[in-house]
Amino acid sequence: LSPNDLYEKRKDARLNELKRAFEGLSSASQRFVRSKKDVPSDEVQIINMKSVSEIDVLVKGILDKNKATPFILGIKAGVNTGDGNGSSATIELALKSPSSSPIGKGFGCEKIVELPLVEFGLKLADAFENQLTSTTLCFIADASSGLGSDMLGQIVTGCDAGLVLIKEPAWMSMLADSIARKVISDKPTSKNLKKIVFGLCRLAAWEVRNDVGVNRTIVFTLPGQSSTASLLPSLQAAFPCERHVFVYDGCIDSTARALRNIRLKRHGVDDNSIPLSMSRVVGAAIPITPLTSVPKMKTLLKPFSYNQAGAIEAWFSSVDAFLQLKQHEKRTGYTPFVCRLGFLMSQVGRLGNGKVDQSQLALTNVLQYITGSKSRQLNDDVLERARNVLNGVRDADLNDTKQYGGVLSDNDRKAIEAAAFAHKEILIENKTLMDTVQPKVEWSLKAAKKLTSCACCMPGQGDEDEEEDGEGDKEEGTTEEEKSSFSVGEVNKKKRKPVSKGPVYVDGKTTFAFDPTKFMVQ
């Protein structure tokens, strides 16, 4: 097959995998209820809610602190209407609600409510926007085939710092799929999409409000690198002032890890996530949003196996979404904690990871950011528990690597690196991404800029970088070829006009070091 035909064939196969993954979570008739005390599907009351008045009553009841909060089960993706905006009649949200909630009278057991996503999402967003909250949200996006977000998620729950984790919610994968297929507008700045994302996330956080501790932070881990490209721009648009973490690893290691996870075939079900045996495939190796920024990608992916190509493209799409947001940082306001997995995994000596083990300091830095405690010292017991979790995750990954270490040949690794070169904003496959937080006591979300001279020697030269950063959003009219000419470390920079360099010192023979007229006696 030609590269295009092979790519399309694989794309169709992945769509079928996604359909199977969501099948049991997109219809109330497929035994939707998964709780500590499950009930047979024929005893579950299913309510189809369509009228505006019913939705208004539901939203008002949700904000009642004395009533149980519905749990988001999933999204019926509906049918693409072809206009890129979708139709409210084709997209439905399914909620699971205890009998004590405001949804009608039932049989004393749990209920399923199906209602239009757009209408409900907009009303829900309006209601939450008018409500003050002392709880902070933190979103963790992944480009490491799940290890980074899984590690941070375990640290969040294991450090006992008063944080609450919402782990890879299934509805987020379904929402990402709907955005990618343009059933819902795929423009992150779309007013409806922003409000729907805002409303659903606040609803999920509202459900666990009573579990939040002293740090008043609820952490969402996005459902794998495959969904990042669809979700991250919308989450940033909806929550520009909340905390964002982007955790990443190199493409070779991420691809190898995705293949190992698929082979492990671990089974089990999380109460709020896709079954693990399927989420490992969906999250790491099925790119929900195809990569379009690399013209030759279809040709480059042809030599790889089905799973290899999927993992590579999923990783690329996640990193590409990050780079696009950073490229227009002045407009998007995207200033995340960029977390390099190699620091936490203590991969000393490898390119970009340093020559000294800095894992403990890197752990402290990211935990300070997530808890919002950079200005105050974290409790020693919290740090000790976090270190124990980190060591456990590292040991488990090391064992998996030893057991399934031969998933990539030398030729595979060289081919992956060659593919990475095709994305001009990624200099090499494991290049440190821009603004990666370096492990330091006084860490920063922004990389320090080099100043070639001070303002007194060359007036205005010190401000050159800031002026050029302000022009970063003016390049929307440039072509993909022009955009791809920038490397990772230079995404926000433009071609500079030649500036004549002045002397690095003042020559007293040819000029004054000061204005003598200022010192003349009148």
Side-chain angles (χ1 to χ4, degrees), residues 14 17-18 21 140-155 167-168 172-173 176 221-232 245-266 270 273-291 301 304-322 338-345 347 350 352-353 390 393-394 396-408 412-413 415-417 419-420 423 426 429-431 433:
R14 289 173 187 141
E17 284 198 62
L18 283 175
I140 299 177
D142 179 80
S144 65
S145 291
L147 178 61
S149 58
D150 184 56
M151 173 189 290
L152 294 179
Q154 290 190 47
I155 290 171
K167 179 184 176 184
E168 302 179 11
M172 275 194 172
S173 288
T221 51
L222 274 59
Q225 61 190 17
S226 64
S227 63
T228 303
S230 292
L231 294 176
L232 188 56
V245 178
F246 187 86
V247 56
Y248 73 96
D249 202 0
C251 187
I252 291 176
D253 287 344
S254 296
T255 302
R257 187 173 298 116
L259 299 178
R260 287 198 302 271
N261 288 340
I262 292 170
R263 291 185 182 185
L264 286 174
K265 296 181 179 178
R266 291 174 179 160
D270 288 343
S273 68
I274 298 172
L276 292 178
S277 56
M278 181 57 73
S279 66
R280 290 177 179 273
V281 181
V282 173
I286 299 182
I288 293 177
T289 304
L291 182 69
L301 291 176
F304 296 104
S305 69
Y306 175 78
N307 286 329
Q308 286 176 343
I312 292 169
E313 187 176 3
W315 182 88
F316 267 102
S317 67
S318 180
V319 172
D320 186 71
F322 165 84
V338 187
C339 180
R340 182 172 175 83
L341 192 59
F343 291 141
L344 292 172
M345 294 297 288
Q347 295 172 344
R350 298 182 62 178
N353 295 330
L390 175 62
V393 174
R394 284 198 307 219
D397 184 71
L398 182 61
N399 291 334
D400 289 346
T401 303
K402 289 180 179 178
Q403 187 175 1
Y404 298 95
V407 291
L408 290 177
D412 290 333
R413 292 173 178 271
I416 291 173
E417 189 166 353
H423 196 300
I426 303 173
E429 71 88 19
N430 57 357
K431 173 73 175 179
L433 291 180

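All figures in this text were calculated on a predicted structure; none of them were measured in a lab.
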Checking the side chain of [X] only, and the main-chain atoms of [Y] only, is there a donor and an acceptor separated by less than 3.5 Å?
| X | Y | result |
| --- | --- | --- |
| S227 | G224 | yes |
| W315 | D249 | yes |
| R394 | L344 | yes |

Return the set of residues passing side-chain contact (heavy atoms from CB on, under 4.5 Å) with [X] (not counting sequence neighbours), or none when no residue passes.
| X | result |
| --- | --- |
| D320 | L291, S293, Q324, H423 |
| S317 | A229 |
| Q308 | L259, F304, S305, L408, D412 |
| D397 | L147, R257, R260, M345, T401 |

For the atom pair [atom1] ([X]) and [atom2] ([Y]), what is the distance rounded to the nearest 0.5 Å?
| X | Y | atom1 | atom2 | answer |
| --- | --- | --- | --- | --- |
| L222 | S230 | CG | OG | 10.5 Å |
| Y248 | L433 | OH | CG | 4.5 Å |
| R263 | D400 | CZ | CG | 12.5 Å |
| D142 | F246 | CG | CZ | 7.5 Å |

If you compare all heavy atoms of [X] against all heavy atoms of [Y], which two are closest, and at what distance to 0.1 Å?
| X | Y | value |
| --- | --- | --- |
| T255 | S145 | N-OG, 4.3 Å |
| G148 | L341 | CA-CD1, 3.9 Å |
| I288 | S173 | CD1-O, 4.1 Å |
| P287 | S226 | CA-CB, 4.1 Å |
| R14 | A309 | NH2-C, 3.7 Å |

With a 4.5 Å heavy-atom cut-off, do [X] and [Y] have their side chains touching?
| X | Y | answer |
| --- | --- | --- |
| I312 | L301 | yes |
| K167 | D150 | yes |
| V282 | L18 | yes |

Which residues pass the ring-ring contact (aromatic ring centres under 6.0 Å, His included) test with F316, not counting sequence neighbours?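 If we apply the ring-ring contact (aromatic ring centres under 6.0 Å, His included) test to F316, skipping adjacent residues, there are no hits.
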Under the side chain to side chain donor-acceptor pair (under 3.5 Å) test, which residues partner S318, sequence neighbours left out? T228
Polar contact flag, side-chain donor to acceptor under 3.5 angstrom, S144-Q225: no
